[in-house]
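Structure first, commentary second.
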Protein chains: 2
Amino acid sequence: MSNPDAATPRERYRAQVREEIKKHAWEQIAAAGASALSLNAIAKQIGMSGPALYRYFASRDELITELITDAYRSLADTFRARAAAGADLGDLAHTLRAWALDDPQRYFLLYGTPVPGYRAPEDTTRTAAQIMAVLLDACPDEEPPGTPPSPPSPLQSHLGRHRAWAEQHPAPPAALHRALTFWTRLHGVLSLELAGHFTGMGFDPARLYTAEAQTITGQ
Amino acid sequence: MSNPDAATPRERYRAQVREEIKKHAWEQIAAAGASALSLNAIAKQIGMSGPALYRYFASRDELITELITDAYRSLADTFRARAAAGADLGDLAHTLRAWALDDPQRYFLLYGTPVPGYRAPEDTTRTAAQIMAVLLDACPDEEPPGTPPSPPSPLQSHLGRHRAWAEQHPAPPAALHRALTFWTRLHGVLSLELAGHFTGMGFDPARLYTAEAQTITGQ
DNA sequence: TCGTGTTCGTGATACCTTCTAACCAACTTG
DNA sequence: CAAGTTGGTTAGAAGGTATCACGAACACGA
């Protein structure tokens, strides 16, 4: 995030303009998706003419990259805030859906079709890891009641041996499995819903979502 | 699909050129995604100059729409072929992953971030319904052994009452639920894997995928 | 076989886009 | 106050979609 109260007034002005550019960029993205983002149109809306924007963002890709990192931070912050308020996995599932429905194109910017040439900077991967850490923190230590005490599945022992993504976290293999499943199952329902694949099918996607969430939280 | 052996040689030639256009379009899409598809570049590759392509496709959107319907048909055909060969849900899960890995951008064209203004033609929604019908056919009549005979969940009774998408199919609510879960859970793992969200995490996405598939087939 | 009309391909053009280059004004700083 | 940095402009290159007008090739009925 650009520091709004920086030392020199020059930097303050610069941060302010950058923030206004990003504001209009988000409006365009929310309206027509990231692929329809036009630097020219943003410049016109602000009142500048075309190439002036390149004083603030080196390229269209750099602007989009910054929007992506901001979106990641937004999701991580809301997750952390909810977790700090004592949210469990079920609450976080609801939080995720609300965050996605609040701006579907922002969700697609993070978890939708990747831009072929795009390479995620180290910053965003670290934020993504923080999101997973919040999930791992929220995973209960014991299995849900009603689950027979079973030996770790082949997948869980695999996850226990290949846990580069949770190196900093002491979560047991079952928690790794549960956090991954939380992510993939909810993303499965959510992305298909946001993409409109359920429209016309008749049922309520929210019910399917909560049902999937319950398979993770253990009813 | 354009009919290659049509009546007049004029139509044969036309169908042939359309097919060649689509061939190069798929190459571009596989290389850099649908957003990077350029009619100009295709024309140059074929040896025609620019606007000539508009004799065969009214717009870039129309070309992409036809590619989407072709991709849907390809997936439906491979599903039907495997189902006719006696495939069960687990086999279909493996079929889906192979089809997606064969051309990730083709998968994203169907199930990735939607183009905001795009409206799916009736043709593709019907093909999508056929895919679901194959899944419903493959759903076993009885629950997997080990599942206690339970009353239908709230979601299942909801699906039983709102089944516009399976109007033609006599599947019970449990099968509707299972087919939807098949779709959403596998798409969840697959789309995140194809988008590269698992790279650097250390584990093998194929194991997570098969584990999720087993939660649907009942081990 | 000879018009005749449809179809196909072309170049020119309009209007977008991202992005670079050159130039000028304003501000910051020594 | 002089000098250097920064922000903004216009012009232009390169590439994209898409339309138009025109000429050539083809198909077909008389």
Side-chain angles (χ1 to χ4, degrees), chain A residues 2-25 27-29 31-68 109 115-119, chain B residues 2-22 24-25 27-29 31-68 115-119:
Chain A
S2 327
N3 193 357
D5 39 64
T8 80
R10 201 124 208 198
E11 285 178 3
R12 274 217 325 236
Y13 175 73
R14 181 175 181 80
Q16 189 176 328
V17 175
R18 279 176 67 97
E19 222 51 48
E20 189 173 354
I21 292 173
K22 291 204 274 186
K23 190 192 78 180
H24 286 94
E27 290 173 2
Q28 285 196 13
I29 286 180
S35 63
L37 190 145
S38 158
L39 295 189
N40 259 339
I42 294 176
K44 217 164 284 181
Q45 286 178 342
I46 291 184
M48 294 198 286
S49 215
L53 283 199
Y54 289 83
R55 299 282 179 194
Y56 299 93
F57 293 95
S59 69
R60 198 184 104 116
D61 272 14
E62 188 185 293
L63 172 58
I64 291 185
T65 297
E66 188 147 331
L67 296 177
I68 289 177
L109 197 59
V115 184
Y118 179 73
R119 189 89 205 96
Chain B
S2 326
N3 191 357
D5 39 65
T8 80
R10 203 124 210 199
E11 286 179 2
R12 275 218 324 235
Y13 174 74
R14 181 174 181 80
Q16 189 176 329
V17 174
R18 279 176 67 96
E19 222 50 48
E20 188 173 354
I21 292 173
K22 292 204 274 185
H24 287 93
E27 290 173 1
Q28 285 195 14
I29 286 180
S35 62
L37 190 146
S38 158
L39 295 189
N40 258 338
I42 294 177
K44 216 164 283 181
Q45 287 176 342
I46 291 184
M48 292 198 286
S49 214
L53 283 200
Y54 289 81
R55 299 281 179 194
Y56 299 94
F57 294 94
S59 69
R60 197 185 104 116
D61 272 13
E62 188 184 293
L63 171 58
I64 292 184
T65 298
E66 188 147 333
L67 295 177
I68 290 176
V115 183
Y118 179 73
R119 188 88 206 100

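Just so it is clear: chains get the letters A, B, ... in the order the sequence lines come, proteins before strands, and each one is counted from 1.
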In Å and rounded to the nearest 0.5 Å, what is the OG to CZ distance from A/Ser38 to A/Arg60?
8.0 Å
Whether B/Tyr56 contacts C/dG9 is assessed here as follows: a side-chain N or O lying under 4.0 Å from the phosphate OP1 or OP2. Is that the case?
yes
In whole angstroms, the gap separating C1' of C/dT10 from CG of B/Leu53 amounts to 13 Å
Donor-acceptor pairs under 3.5 angstrom involving side-chain atoms of residues 51-59 of chain B: please list them, not counting sequence neighbours.
| residue | atom | partner | partner atom | Å |
| --- | --- | --- | --- | --- |
| B/Ser59 | OG | B/Asp61 | N | 3.4 |
| B/Ser59 | OG | B/Glu62 | N | 3.2 |

What closest approach, in Å, do A/Pro116 and B/Gly33 show between heavy atoms, and which atom pair accounts for it?
CG-N, 3.9 Å
Rounded off to whole Å, could you give me the CE-to-P distance for the A/Met48 and C/dT18 pair?
13 Å
Heavy-atom closest pair (A/Gly50 atom, A/Ala43 atom, distance to 0.1 Å) is N-CB, 3.7 Å
Is any side-chain heavy atom of B/Met48 closer than 4.5 Å to a side-chain heavy atom of B/Ile42?
no
Taking the nucleotide of DNA chain C with the nearest heavy atom to each, does B/Tyr13 or A/Gly50 sit closer to the 5' end?
B/Tyr13
Could you report the tightest heavy-atom contact between B/Ala36 and B/Gln28, atom names first, then the distance?
O-OE1, 3.7 Å
Name the first nucleotide and the last nucleotide along DNA chain D (5' to 3') that come under 4.0 Å of a heavy atom in chain B.
D/dG16 to D/dA27
Taking C-beta and beyond as the side chain, do B/Glu27 and B/His24 meet within less than 4.5 Å on heavy atoms?
yes
Rounded distance [0.5 Å steps], CZ in A/Arg14 versus OG1 in A/Thr8:
10.5 Å
For the residue pair A/Leu63 and A/Leu37, establish whether any side-chain heavy-atom pair is separated by less than 4.5 Å.
yes
side-chain contact (heavy atoms from CB on, under 4.5 Å) partners for B/Ala34, two or more places apart:
B/Ile29, B/Leu109
Close side-chain approach of A/Glu19 and A/Lys22, heavy atoms under 4.5 Å
yes
Report the distance from atom CZ of B/Arg18 to atom P of C/dC8, rounded to the nearest whole Å.
11 Å
How does each nucleotide of nucleotides 21-30 of chain C score, in 5' to 3' order, for protein heavy atoms under 4.0 Å: base (B), sugar-phosphate only (S), or none (-)?
-B----BS--
So does B/Ile46 get a backbone contact from the side chain of B/Glu20, meaning a donor-acceptor N/O pair under 3.5 Å?
no
Roughly how bent is the helix from C/dT1-D/dA30 to C/dG30-D/dC1 end to end, in steps of 10 degrees, with each end axis from five pairs?
10°
Listed in order of residue number, which residues of residues 32-46 of chain A have a non-hydrogen atom at under 4.0 Å from DNA chain C?
A/Leu37, A/Ser38, A/Leu39, A/Asn40
Spatial distance of atom OG1 (A/Thr65) from atom OH (A/Tyr118) [nearest 0.5 Å]:
4.0 Å
